[in-house]
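Throughout, residue positions are numbered sequentially from 1 according to the sequence presented. Hydrogens, waters and symmetry mates are skipped; everything else that's a heavy atom, side chains included, is used.
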Amino acid sequence: MLRAQRNGGYGATSIGRMQTGSSLIEILITVVILSFGMLSLAGMQAFSVAANKNINNRGLAIALSAYYADTIRANPAAFAAGNYDKAASFTATDASVPTVTAGSYCAFPNCTVAQVAAYEQAMMDSRLKANLRAGTFALVRPVESGVASTTKGDLWIMWHEQRGSATESSENSFDNCPAAIAAQSPLPRCFYMRVSL
């Protein structure tokens, strides 16, 4: 019996039936499955980068709004006179950064409170455009008993974010944008703050 196995008997038959490698179809199926996994990883990476950018934008909007609120509180007479008022408007394609020249620099007591407010508005506009895409702001004083408030103001920081997918547009429903631009398309991202003197 041992001699029969050596000469191609029972042992040769079982070796011939053993699989010795992968077929081309199995390799192609493996490549397709791996490519789907790599595509999902690439999508997660793109979403992660966009989310990180959006978080940075919101952090900048919070910091700049806190700065502007402090400048308003330092000049209450100009605020009460309406020198800080700015109507809500937004243009998503606005990429120009306004420059504030040295000649327009104004500091109290060498300037009137209205000139200081105008300078601060120009500086805020310049900072927003330089740091946020199409960044702008609005400051509207609420009307109480037919008179604009002299101690409260609604401040909005608005900017445009690049969206990676159509589903991200639903995030806008969580933003508190001014009523004047609520129907605008594309709707900007908005950060709202109530300023109280």
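- One distance of note links CG of Asp125 with CD of Glu120; it measures 12.5 Å at 0.5 Å rounding.
- The CG atom of Asn176 sits 7.0 Å away from the CH2 atom of Trp156 when rounded to the nearest 0.5 Å.
- Through direct or indirect side-chain contacts shorter than 4.5 Å among Ile, Leu, Val, Met, Phe, Trp and Tyr, Leu24 is connected to Leu28.
- Annotation for Leu128: hydrophobic cluster partners, listed by chain and number, are Leu60, Ile62, Leu64, Tyr67, Tyr68, Ile72, Phe79, Tyr84, Met124, Leu132, Phe137, Leu139, Leu155, Ile157, Trp159, Phe191, Met193, Val195, Leu197 (ILVMFWY side-chain heavy atoms under 4.5 Å, direct or chained).
- In this structure, the separation between CG on Asn83 and OG1 on Thr112 is 7.5 Å, given to the nearest 0.5 Å.
- The two residues Arg133 and Glu161 come nearest to each other via the heavy atoms NH1-C, 4.5 Å.
- Applying the salt bridge (Lys or Arg N to Asp or Glu O under 4.0 Å) rule to Lys53 yields no partners; only residues at least two apart in sequence or on another chain are considered.
- Between Leu41 and Met38, some side-chain heavy-atom pair lies under the 4.5 Å cut-off.
- The backbone N or O of Ala122 lies less than 3.5 Å from no partner atom in the side chain of Ser126, so there is not a single donor-acceptor pair.
- In this structure the side chain of Ser145 never reaches within 4.5 angstrom of the side chain of Val147, judged on heavy atoms.
- The NZ atom of Lys86 lies 7.0 Å from the CD atom of Gln121; values are rounded to the nearest 0.5 Å.
- Across every non-hydrogen atom of Cys190 and Pro178, the tightest pair is SG-CD, 4.2 Å.
- Considering every non-hydrogen atom in both Ala117 and Ala78, the closest pair reads CB-CB, 3.9 Å.
- Minimum heavy-atom separation, Pro142 to Gly153: CD-CA, 4.0 Å.
- The nearest pair of heavy atoms linking Gln184 to Thr91 is NE2-N, 4.4 Å.
- The hydrophobic cluster containing Ile25, built from Ile/Leu/Val/Met/Phe/Trp/Tyr side-chain heavy atoms closer than 4.5 Å, also comprises Ile29, Ile33.
- Using a 4.5 Å cut-off on side-chain heavy atoms (C-beta onward), Lys152 and Ser196 make contact.
- Within the 3.5 Å criterion, the main-chain N or O of Val113 finds a donor-acceptor partner in the side chain of Asn75.
- Taking Ala66 as the reference, nothing meets the side-chain contact (heavy atoms from CB on, under 4.5 Å) condition, with sequence neighbours excluded.
- Proximity of a side-chain donor or acceptor of Arg189 to a complementary backbone N or O of Asn57 within less than 3.5 Å is not detected.
- Heavy atoms only, all atoms of each residue included: Ser89 and Met158 are closest at O-CE, 4.0 Å.
- Ion pairing between a basic and an acidic side chain is recognised when a charged N comes within 4.0 Å of a carboxylate O; Asp154 and Arg141 show no such pairing.
- With side-chain heavy atoms closer than 4.5 Å counting as contact, directly or through intermediates, the hydrophobic cluster containing Phe36 also holds Val32.
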